[in-house]
Amino acid sequence: MRTLTAAEGPNEARRPGGLPPIAWAAVALFVAGVWAIALAVQTSAHTSTRYQAESEARTLALALAEQSANFIGRIDQALRTAKFVFERDPVNASIDELVRRKAIPIDDIVQFAFAGADGVILQSNLPLAPTPVSIADREHFLVHADGTAGLFISKPVFGRVSQRWSVQLTRRVDGPNGEFAGVLVASVDAYDFGGLAKVLGDNSGAVSAIFGFDGRLRSRTGVTAGMLERDFAEHPFVRLARTEPTGVWTGPSATDGLRRVEGYRAVSGVPMFVSVGFAENEVYAGLRFRAFTDFGAATLFTLLILTFATVLDRQMRRAESARSHAEAASEAKSRFLAMMSHEIRTPLNGIVGVAGLLADMDLPREQRKFVDVLRDTSQLLTQILNDVLDFSKLEAGKMDIEAVEFDFRQMLNRTFELMRPRAEAKGLRYRLDADIPEGAVLIGDPARLRQIANNLLSNAIKFTAVGEVTLRARVRPVAGGRAGVELKVEDTGVGIPASRLPEMFREFSQLDKSTARKFGGTGLGLSICRVLAERMGGTIAVTSEPGIGSVFTFAIELPMTLRQPGPAAAPITPTRGRRLRILLAEDNLSNQLIATSYLDRMGHRVDTVNNGREAVEAAAALPYDLILMDVQMPEMDGLEATRRIRNLVGPARATPIVALTANAFAQDERQCRDAGMDGFLAKPFDPAALAAAIQRHANDSGNTDAAPAAAGTMSAGSDPAVEFDPRVMDEIETQIGAEATRKVAALFAKDVRARLARMRGMSPESAGLAAREAHAIKGSALSVGALQLGRIAAAFEADATRYDAATMAEKMDELETAFARSAEQIAARESVASIAE
């Protein structure tokens, strides 16, 4: 028997053979999968683009409706003030005096005038014409002469004094005995009704408009006189807006016939609605380029794969003929593989992810076979490419080594259990022998330590046909607050001849050609372990004897602290007692998945809705034992939804409602209770807090104590030195399993990326919308332990209204950097597919 350390031995190159037929078959199948996925990606991109356009149109329509309501309110307030003055002292009432006192917002109007009972304009902020001007024939005069006293908003008219197209906002003036004394008229520019273009911000291609329910256009960006004179009452879009107060219309525009995606919303308090639309050809313009790039990428990717396979096959065959040629080819191949790995990894991650999603669908058996083959071959290629990329990063010095606190025992157990199915599938005895001080917390790079342990265990299982594989771990305190850490992987496998030991830690090293054909792999795993060990200041060595087995030993010193262990998170068990029907109102998909997984495992039946309006409809339709209500949601927030549920007729109004919110301050809890909620659960919450809230409120609606905050979690206000808390994801996986945890991570990444993209297009004028997006990002971040991202999002939410354009751009950079860092840290977990790309 001979012992060899990683630093020993000559650098002999192995002699690879050509690619086997099964590899070529896998390449062909993989290329077919690439094209199938390119088509699926195009379909998905079209759907996503439409959804984003509809969502942005809805958001802008909401902002325009609020802006228009406020504008009309200001004008009406001026009319009311003038009405009071003219009715109290008609002799001395003066529009010029009201303008001087700034009771009339002169900057918002074209003309402010008073017409007497005969319709002749008697006063105006504009100079009166030499010849008296009468409006006795105008609709906005006649309706008040016939008795209408409230606010009236006219169709667009061409002003006889202003000589401009304007919309008239009018109120009746009464005499001392209640008789008709005249009409006050505020003329508003029909070309820019209340600054309707301002709400569009940087959306230069959008069109905003204001319609009356009578079918006449009041104002529009880019409006013409011809549009103002037309009647659109019978247009399908206008008919839809009259029947549904808010929504999205996709079709020919009422004003110019151009197909648009238009969000619309009724204006509160007046018979009008607003719309904001994007031309369909502009909405989908990017998809044409996307189709070109996607299918072009698929073509290029196909050529790259075929080139890669052909070149690799040729190089491997040439290596058979001459050792010197093999050495030169090996060096060229290494460079080529590193370059190819970088270029291929991003689309390959997408292929693996989509293959996984397809595998989760309910597919016919024949299609499932194809999906399984696609997934297995793509995962095999992914593993090969990951090995090559890791090696190239290490060789280039681009792989950073972290120094973070981690629970070594927990990391070891998770790594060991990850490989158990492979060992048990081969019928091997699989053992863990750990001697670790209780409460040992090490400071190092847990992801790289796991990678070393994974590679060593994987090799041991691969090369052991019968017998056992043992992982031994020892942690021994040494001076200076440090500990000596030793990992040994022992197997009873084929063993390694002494003559081949010098090659075991060299790149692309395997025992012989038969090993590559029988076991597969790149021969990079041990080389990566060697470089990682050296970068972390450790050593790796092997002791082996053919037919007896091998022992790989990794040793390193790391800083260590001992902490009093807290109670372990117990897996969720079904709740004793009756099965409850629970309504969950939550717009964040990752939080929704976590909560429903918890509730399902407790044995409850869960219905989910995405906003407050849907929550009210669901509560009115079905009897629920408990409602879990997010506070900040689109369309209608949780506070308003609670107030409406409390006003329902029947037993639904007494349903217990527990607030879910990332804002866990005292004033937030008071707001929830004032709205009619029975309890308060802070995000992120743990299963124990959720179960306690259910037990408290579903069984005793009279007890309104707030549910306890999540135990063991950290808020955005916690230690600013802590960037990411891995315990949150660990607890989620403990409770809902690895598969659901992967979905949580993927939803977190998808949701935050979409919100950051929307925020990038917002200006300081849209700070309120940006703050709402930041609030949603904060909740998502805290739910997965991304504390730094949560802190930055919370600060953005609090201060967004005070940002100028430069500050907002700077804060967006901070948010995106924190998200990228969080995604990398989550992706470092073995149980979570990479989301960092």
Side-chain angles (χ1 to χ4, degrees), residues 20-52 284 287 290-291 293-302 305-306 309 344-386 418 421-422 424-425 520 589-590 592-594 596-597 599-601 605-610 733 736-751 754 830-835 837:
I22 191 172
W24 285 110
V27 168
L29 184 60
F30 186 71
V31 168
V34 167
W35 282 95
I37 289 171
L39 291 172
V41 167
Q42 272 299 300
T43 302
S44 174
H46 189 278
T47 301
S48 175
T49 299
R50 185 186 72 248
Y51 172 79
Q52 290 179 4
Y284 299 116
L287 287 183
R290 174 74 179 270
T293 56
D294 284 350
F295 291 123
T299 302
L300 179 60
F301 189 67
T302 300
I305 288 295
L306 293 176
I344 294 172
R345 183 170 182 170
T346 297
L348 186 57
N349 279 342
I351 293 169
V352 174
V354 173
L357 292 175
L358 289 173
D360 291 338
M361 294 180 180
D362 186 13
L363 299 174
R365 179 177 299 177
E366 190 68 20
Q367 293 182 15
R368 180 162 293 282
K369 282 199 230 172
F370 293 150
V371 171
D372 288 342
V373 172
L374 173 62
R375 182 178 58 179
D376 292 343
T377 53
S378 61
Q379 286 176 345
L380 173 62
L381 186 55
T382 299
Q383 183 58 51
I384 294 172
L385 291 174
N386 284 343
L418 186 67
R422 294 175 56 182
E424 292 179 346
L589 294 181
S590 57
Q592 196 178 93
L593 176 58
I594 294 171
T596 53
S597 298
L599 294 169
D600 286 342
R601 294 203 176 196
R605 180 177 177 181
V606 187
D607 295 336
T608 60
V609 294
N610 298 310
E733 184 170 346
I736 68 177
E739 184 62 29
T741 303
R742 281 192 288 272
K743 292 180 180 178
V744 169
L747 285 173
F748 159 74
K750 181 179 179 182
D751 177 68
E830 293 91 347
S831 60
V832 175
S834 176
I835 63 171
E837 295 294 340

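These values consider heavy atoms only, across backbone and side chains, with no hydrogens, waters or symmetry-generated copies. Note that the coordinates shown come from a computational prediction; the quantities given were computed from them, not determined experimentally.
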Taking only residues two or more places apart in sequence, or in another chain, which ones meet [X] in a side-chain contact (heavy atoms from CB on, under 4.5 Å)?
X	answer
L306	V27, T302
A45	L287, R290
T608	L584, Q592, T596, V606

Q) Can you tell me how far CZ of R742 sits from CG of L747, rounded to the nearest 0.5 angstrom? A) 13.5 Å
Q) Of L599, D600, L593, which meets side chain to side chain contact (heavy atoms under 4.5 Å, CB included) against S597? A) L593
Q: For R422, enumerate each residue passing the side-chain hydrogen bond (donor to acceptor under 3.5 Å, both in side chains) test, keeping only those at least two apart in sequence or located in another chain.
A: S458
(Q) Can you pull out every salt bridge (Lys or Arg N to Asp or Glu O under 4.0 Å) where at least one residue sits in residues 23-52? Sequence neighbours excluded, please. (A) R50-E54
**Q.** Residue pairs involving residues 26-44 (criterion salt bridge (Lys or Arg N to Asp or Glu O under 4.0 Å); sequence neighbours excluded)
**A.** none
Q | Heavy atoms from other residues, nucleotides or ligands near CD1 of I22 exceed 12 (cutoff 6.0 Å) | A | no
